[in-house]
Amino acid sequence: FSRPDSRGRLSLNKPLRLQRKGDIAQTFLLMGHLIKEKGNMQSSAPDLDQLKSRLKATWMAGDFGRIANFTSQEGENFVLRLGIRAGLKVLDVACGTGNTAIPAARAGADVIGVDIATNLLEQARQRAAAENLNARFQEGDAEDLPFPDDSFDVVVTMFGAMFAPRPEKVAAELMRVCHPGGMVAMANWTPEGFVGKNFAITAKAVPPPPLPPPVLWGEEAVVRQRFASKAKEISCIRQNFNFMFPFPPKEVVGLFRQYFGPTQMTFARLDESGQAALAAQLEALYHEHNVSRDGGTEVTGEYLDVRAIRA
């Protein structure tokens, strides 16, 4: 990619330089057949459009709302730490079913949430309407946000924009729509945490394409590099929260296979023996990290809490 222009647009006329192999999230496993053997992003516009279309279909598969229910409390914790208050204009990028948009609206902010998955947006709308909150939701891509420059006081994304395939474009867009002095806040899974280990297991089962791994957003040095040109202050703090499921690891893996679109796509690319092997490895990971003593599953996930103040 070339350097971004004044609106943060990136050129696709140069090869993508890889920063790391492996540790890529399940979301991107379906992209392999779209990437040429030379491992670059010199694809044409139609190829990029096809890639985006398949990503959208992946996130719309299953019922992500069933998964999001288990992380909703941490969404509230994340928003509470941001100090969002009445009167602020807040954008939630890759908002999903509204786990961060909803608590921001409860705090009195004027909230807009965007996501590529229209079914998740509908769930978010229903949640906001049930509480009569000032939150609107619309389709939107983290790499091409449909808003003018300097539109928001706070731009947030929790376990969302990190999965977009062009991170430099994402960084430029998050900063572009945030006004000078405003804050961009991200919550990104770390490579070393439980979720990062989960991604690594999946990457061994289905080799990932040569794209920047999403978990690089969980490394402080990478975050600082991506925001360096637009931020006057950047802070990164590692946070933990507990995934708590009222059933054993085997059923947790089954839950993700049934309702989490990226996991569905991953298993679909394996034959029967491959599926059994991957399920067993994931179950073993949950057992290794499980601290529950009542027959359920409780594991700690680590993420990087990022705050970048726009210059």
Side-chain angles (χ1 to χ4, degrees), residues 23-27 59 61-82 94-103 106 120 123 127 156-160 162-163 185-205 213-215 217-219 236-267 275-306:
D23 290 344
I24 195 166
Q26 296 102 316
T27 313
W59 285 106
D63 182 0
F64 181 69
R66 298 287 293 270
I67 304 298
N69 288 338
F70 292 98
T71 61
S72 60
Q73 181 58 55
E74 191 60 24
E76 295 181 18
N77 296 341
F78 179 68
V79 170
L80 182 63
R81 292 196 298 268
L82 297 179
C95 65
T97 59
N99 275 0
T100 46
I102 296 298
R106 288 177 185 149
L120 304 187
Q123 291 185 47
R127 292 179 63 188
V156 303
T157 178
M158 187 173 197
F159 314 140
M162 66 176 289
F163 291 106
M186 304 184 75
N188 304 320
W189 299 120
T190 64
E192 304 85 1
F194 173 81
V195 177
K197 293 177 180 179
N198 188 303
F199 293 165
I201 289 174
T202 307
K204 290 180 181 179
V215 290
W217 275 113
E219 295 192 355
C236 298
I237 300 175
R238 290 175 182 259
Q239 301 283 359
N240 291 311
F241 87 97
N242 291 336
F243 290 98
M244 301 181 68
F245 304 92
F247 33 76
K250 183 179 180 63
E251 293 183 32
V252 176
V253 174
L255 176 79
F256 277 81
R257 289 183 66 174
Q258 181 175 1
Y259 294 114
F260 190 50
T263 302
Q264 283 189 10
M265 295 291 187
T266 299
F267 275 87
Q275 291 182 17
L278 177 56
Q281 291 178 62
L282 292 174
E283 290 168 27
L285 180 69
Y286 275 99
H287 278 294
E288 178 186 350
H289 291 268
N290 188 16
V291 298
S292 176
R293 297 293 180 265
D294 61 3
T297 304
E298 181 178 348
V299 296
T300 299
E302 181 188 69
Y303 65 92
L304 193 68
D305 186 325
V306 177

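- Put simply, CD on Glu74 and CG on Asn240 are 9.0 Å apart, with the number rounded to the nearest 0.5 Å.
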Give the intermediate values and the outcome of side chain to side chain contact (heavy atoms under 4.5 Å, CB included) for residues Gln123 and Leu120. CA-CA 5 Å; Gln123 291 185 47; Leu120 304 187; 4.1 Å; yes
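- With rounding to the nearest 0.5 angstrom, the OG1 atom of Thr297 is 10.5 Å from the CE atom of Met244.
- Between Leu304 and Glu219, the shortest heavy-atom contact is CD2-C, 4.0 Å.
- Annotation: the span from Phe267 atom CZ to Gln264 atom CD amounts to 11.0 Å, rounded to 0.5 Å.
- Atoms NZ and CD, on Lys197 and Gln281 in that order, are 14.5 Å from each other to the nearest 0.5 Å.
- Across all their heavy atoms, Asn242 and Thr300 have their closest contact at OD1-OG1, 2.9 Å.
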Ignoring hydrogens and angles, write down the donor-acceptor pairs under 3.5 Å from the side chains of residues 64-73, residues two or more places apart or on other chains.
{"from": "Arg66", "atom 1": "NH1", "to": "Tyr259", "atom 2": "OH", "distance (Å)": "3.1"}
{"from": "Asn69", "atom 1": "ND2", "to": "Gly65", "atom 2": "O", "distance (Å)": "3.3"}
{"from": "Thr71", "atom 1": "OG1", "to": "Ala68", "atom 2": "O", "distance (Å)": "3.2"}
{"from": "Thr71", "atom 1": "OG1", "to": "Asn99", "atom 2": "ND2", "distance (Å)": "3.2"}
{"from": "Ser72", "atom 1": "OG", "to": "Asn69", "atom 2": "O", "distance (Å)": "3.2"}
{"from": "Gln73", "atom 1": "NE2", "to": "Asn77", "atom 2": "OD1", "distance (Å)": "3.2"}

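- Of all non-hydrogen atoms in Leu278 and Ala205, the two that sit nearest each other are CD1-CB, 4.0 Å.
- For Tyr303, the ring pair (Phe, Tyr, Trp, His ring centres under 6.0 Å) test picks out Phe159, with sequence neighbours left out.
- Note that CD of Gln239 and CG of Asp305 are 5.0 Å apart. Values are rounded to the nearest 0.5 Å.
- Taking every heavy atom of both residues into account, Phe256 and Thr263 meet most closely at O-CB, 3.5 Å.
- The two residues Gly98 and Pro103 make their nearest non-hydrogen contact at O-CD, 3.9 Å.
- With a 4.5 Å cut-off on side-chain heavy atoms, Trp189 and Asn198 do not count as touching.
- Two rings, from Phe163 and Trp59, have their centers less than 6.0 Å apart.
- Side-chain N or O atoms of Arg127 include one that pairs as donor or acceptor with a backbone N or O of Thr97 at under 3.5 Å.
- Between Asn188 and Val306 the shortest side-chain heavy-atom distance falls below 4.5 Å.
- Nearest heavy-atom pair across Met186 and Trp217 is SD-CZ3, 3.6 Å.
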For residues 283-290, which side-chain donor-acceptor pairs fall under 3.5 Å, sequence neighbours excluded?
{"from": "Asn290", "atom 1": "OD1", "to": "Ser292", "atom 2": "N", "distance (Å)": "3.0"}
{"from": "Asn290", "atom 1": "OD1", "to": "Glu298", "atom 2": "N", "distance (Å)": "2.8"}
{"from": "Asn290", "atom 1": "ND2", "to": "Gly296", "atom 2": "O", "distance (Å)": "3.1"}

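- Phe243 and Phe245 have parallel rings, their planes meeting at less than 30° on a 0 to 90° scale where 60° marks the start of perpendicular.
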With side chain to side chain contact (heavy atoms under 4.5 Å, CB included) as the test, would you mind laying out the steps for Ile201 and Leu282 before giving the verdict? CA-CA 7 Å; Ile201 289 174; Leu282 292 174; 4.0 Å; yes
